[in-house]
Amino acid sequence: MKKCVHIFFIILLVLGFACNTNQSTPKDVKSLSQKTPPNVIFIMTDDHAYQAISAYSSKLIQTPHIDRLAKEGMRFDRAFVTNSICAPSRAVILTGKFSHLNSVRDNIQRFDSTQQTLPKLMQATGYETAMIGKWHLKSEPTGFDYWKVLPDQGHYYNPDFLTPKGKIQEKGYVTDIITNEAIDWIRSKRDTSRPFMLMYQHKAPHREWWPATEHLKDLQSQKYPEPATLFDDYQGRGKAAKEAEMRINEHMGLSNDNKIQPEIADKKGIKNFLVWYDRIFKNDYARLDEAQKKQWDAVYGPINEDFDKNTPQGKDLLRWKFQRYMQDYLACIRSVDENIGRLLKYLDESGLAENTVVVYTSDQGFYLGEHGWFDKRFMYEESFRTPLLVRWPGKIKAGSVCTELVQNLDIPETLLDIVGAKIPQDMQGKSFKPLLLESNESWRDVIYYHYYEYPGIHAVKRHYGIRSKTHKLIHFYYDVDEWELYDLEKDPQEMKNVYEDAAYKDIREKLLLQLKEAQAQYQDSDSLSMAILENDLKNK
Ligand code: SGN
Ligand code: CA
C-alpha cells in the first residue's frame with residue numbers, strides 16, 4: 001500500500017515537472033532557477049528564549065526582522081533540544097547524534113573534529129561552506145571552506161576572532177561584526193559557482209548581556225511584566241529544582257550581571273555569588289575604548305547611583321534584578337534583530353533570497369524569570385524548548401505553523417534532505433522536510449533528552465526523560481534518584497509533579513515504556529549513564 005502511494009506521488013511529481021517545463025512564460029526562468037540546489041543560511045543565537053521573539057510572544061519585545069522568517073515561512077511551536085546547553089547543542093547540530101555518541105556531553109569536553117559532520121557532508125555534495133561567529137567546541141572547525149570564530153564564549157566589545165591564520169581583534173560590537181563578516185563572505189569571499197551553506201552564529205544574547213552602545217538606553221525606562229512563577233518556592237517538585245543555583249535572587253551577580261560596581265554591592269553586603277564577579281566586570285569594561293566607556297558610564301552611572309541611594313530589599317531586590325536582567329538581555333536582542341534584518345535585506349537586494357533556505361534557532365531556550373530563574377539546562381519547558389523558524393521561498397507556505405515534536409537533532413538531516421543529499425544511516429534525527437512541505441506523513445510520539453553537566457556550574461542535576469505532546473517524564477540521578485511527571489495540558493508551568501499520583505498510573509506506565517524504547521532507539525541506557533558518570537568524576 002505504502003509503495004503504491006509512493007508511486008502515485010512520483011507520477012504526480014513527474015507530471016508537475018512536465019507541466020512546468022511546457023510553459024514558456026517568464027515564470028519559467030524562476031522555476032528553473034529554483035531547481036538549482038538552494039543555498040542554506042543557518043542562523044543560531046545563544047540563549048535566545050522563544051519568549052523574547054514576537055513571532056512567539058510580544059509580551060517582552062518586538063523582533064520584526066526575525067518575525068519575517070515566521071511570516072514568510074514556518075514557525076515551529078514544539079521545537080526542542082536534546083541537551084540544553086551550548087557546546088552539546090552545537091555538537092548535536094553538527095553530527096545529528098545525541099551527546100553520548102558525538103563526543104560532547106558538556107561544555108568542558110572537546111569536539112572530535114575528525115568525525116562525520118553536516119558541513120563535511122555538504123561539501124561532499126558540492127556546497128561551499130562557512131562558519132562565522134560563536135563556535136565554542138574547543139577543537140578547530142573542520143569541514144568549512146571559510147571560518148572565522150570567537151574563541152570560547154567570545155566578548156561583546158572589540159572581540160577577538162580565531163581564523164586559520166591566527167587570532168585577530170576586531171573593533172566594534174560583536175553582533176554587528178559577525179553580520180558584517182557574514183554578508184562580506186556571501187558577497188565577495190565565496191566561490192559563486194557553487195551553492196553555499198553558511199552557519200552564522202551569534203554570541204548574543206548570552207550572559208552577561210552587554211548591549212551595544214546605541215541600545216544601552218533603549219530599554220531602561222520600560223517595565224517588564226513579571227512571569228507568574230517569578231516567586232516560585234519549588235514545592236511540588238523534587239530536589240533538583242530546589243537545589244539548582246540559577247535563581248535570579250541569589251545566583252545572578254549584582255556586578256557581573258546587573259552592572260552594579262563591586263564596591264557598591266560589597267558595601268551593601270549583597271552577595272555577588274561568583275567569586276570572580278569583579279574580574280569579569282573589569283575585564284569586559286576594560287575592553288571598551290574611551291568613547292564607549294563614556295557612553296557606558298552615562299547610562300550605568302545613574303543606575304548605580306540610584307541603586308546606592310534606594311537599595312531594594314527582599315522581594316523588591318528580586319523584582320529590581322529581574323527588570324535589570326530584562327533591560328540588558330532584551331537590548332542585546334535588539335541588535336540581533338536589527339542584524340538579521342540587515343542580512344535578510346542583503347539577500348533581497350542581491351537576488352539570493354528566492355533560492356536560499358533560512359533557518360533561525362537558538363542553541364537552547366532560557367529562563368526569563370520563570371521559576372525565579374535565569375540560565376537553562378533543565379528539561380523543563382522554557383529551557384528544553386527552543387525557537388525554530390524556517391523560510392524556504394516557493395516551498396514553505398508563508399505563515400504556517402507546525403506543532404509536531406522536532407529537535408535540534410533533526411536539523412542536519414533536514415538540511416541534507418533539502419539539498420538532495422543522502423542522509424547517513426548513523427545519524428539519529430529525522431528530516432522534517434515533509435513537515436515543511438506540510439505533507440501528511442505520520443510523525444513521532446515522543447522526544448528524548450539527556451543532560452550531564454553535574455556537578456558543575458548552576459548545579460542542575462543529571463537527568464534524562466521523554467516528552468510527548470501532552471506529558472513529560474524526567475529521571476534525576478547520581479546524588480538523587482527522583483522521578484517527575486508533568487501533565488502539560490493541565491499544568492503547563494510544570495508546578496506539580498504527579499509521578500506518584502494514582503490517577504496517573506496508566507500514563508506513567510506508558511511513558512516508562514516509551515522511555516525505554518527511546519533509550520533503545522538512541523542507543524542510550526542506564527548502564528551507559530553510570531559508565532559516563534564514573535568517567536566524568538574520574539576526570540574532574
Ligand atoms: C558561563 C555563564 C553561565 C552559563 C555558562 C554556559 N556564566 O559560564 O551562566 O551557564 O556560561 O553557557 S558567566 O558568568 O560566565 O556568564 S553556554 O550557553 O555556553 O552553555
Ligand atoms: Ca547557550
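Order of listing sets the numbers, starting from 1, for every ligand and every atom in it.
Protein heavy atom in closest approach to atom 7 (N) of ligand 1: R207 NH1, 3.2 Å. Annotation: atom 11 (O) of ligand 1 to nearest protein heavy atom, Q153 NE2, 3.2 Å. Of the protein's non-hydrogen atoms, the one nearest atom 6 (C) of ligand 1 is N107 ND2, 3.3 Å. If you check which protein heavy atom lies closest to atom 4 (C) of ligand 1, you get D375 OD1, 3.4 Å.
Under a 4.0 Å heavy-atom criterion, M246 is not in contact with ligand 1.
The one candidate from Y464, F384, Y380 that meets the ring pair (Phe, Tyr, Trp, His ring centres under 6.0 Å) condition with Y449 is F384.
In this structure the side chain of R467 reaches within 4.5 angstrom of the side chain of E381, judged on heavy atoms.
Where the criterion is an N or O separation shorter than 3.5 Å, residue side chain and backbone included, W276 fails it with respect to ligand 1.
D284 and Y156 share no side-chain donor-acceptor pair at under 3.5 Å. Using modelled atom types and a 3.5 Å distance limit, the side chains of D297 and Y285 yield a donor-acceptor pair. The closest side-chain donor-acceptor pair between S103 and D112, if any, does not fall under 3.5 angstrom. For the 3.5 Å distance criterion, the side chains of Y300 and D328 qualify, holding a donor opposite an acceptor. Between the side chains of T63 and D67, a donor-acceptor pair is found at a separation under 3.5 Å.
Residue-ligand proximity, D46 to ligand 1, at heavy-atom distances under 4.0 Å covers atoms 18 (O). The contact set between ligand 1 and K134, taken as ligand atoms under 4.0 Å from a residue heavy atom, comprises 19 (O). Heavy-atom contacts of I85 reach the following atoms of ligand 1: 20 (O) (cutoff under 4.0 Å). Of all atoms in ligand 1, listed by their number and element, those nearer than 4.0 Å to a heavy atom of C86 are 17 (S), 18 (O), 19 (O), 20 (O). Using a 4.0 Å cut-off to heavy atoms of K376, the atoms of ligand 1 that qualify are 4 (C), 6 (C), 10 (O), 12 (O), 17 (S), 18 (O), 20 (O). Each of the following atoms of ligand 1 lies closer than 4.0 Å to a heavy atom of I457: 3 (C), 8 (O). Residue contact check: H136 has heavy atoms under 4.0 Å from atoms 19 (O) of ligand 1.
Here D47 has side-chain heavy atoms under 4.0 Å from ligand 1, and that is the only part of it that gets that close.
Nearest N, O or S atom of D47 to the Ca ion (ligand 2): atom OD1. Here the N, O or S atom of D363 that is nearest to the Ca ion (ligand 2) is OD2. Per residue D46, closest N, O or S atom to the Ca ion (ligand 2): atom name OD1.
Judged by the 6.0 Å distance and 45° axis criteria, R462 is not positioned over the aromatic ring of F476.
When distances to the Ca ion (ligand 2) are checked against a cut-off of 3.0 Å, Q364 contributes an N, O or S atom below that limit.
S255 OG to R279 CZ: the interatomic distance, rounded to the nearest 0.5 Å, is 13.5 Å. In this structure, the separation between OH on Y329 and CG on L60 is 9.0 Å, given to the nearest 0.5 Å.
Ring-centre distance between F98 and Y522: below the 6.0 Å cut-off.
For atom 5 (C) of ligand 1, the nearest non-hydrogen atom from the set R377, K203, H458 belongs to R377.
Using cut-offs of 30° and 60° for the angle between ring planes, the W210 and W296 rings count as parallel.
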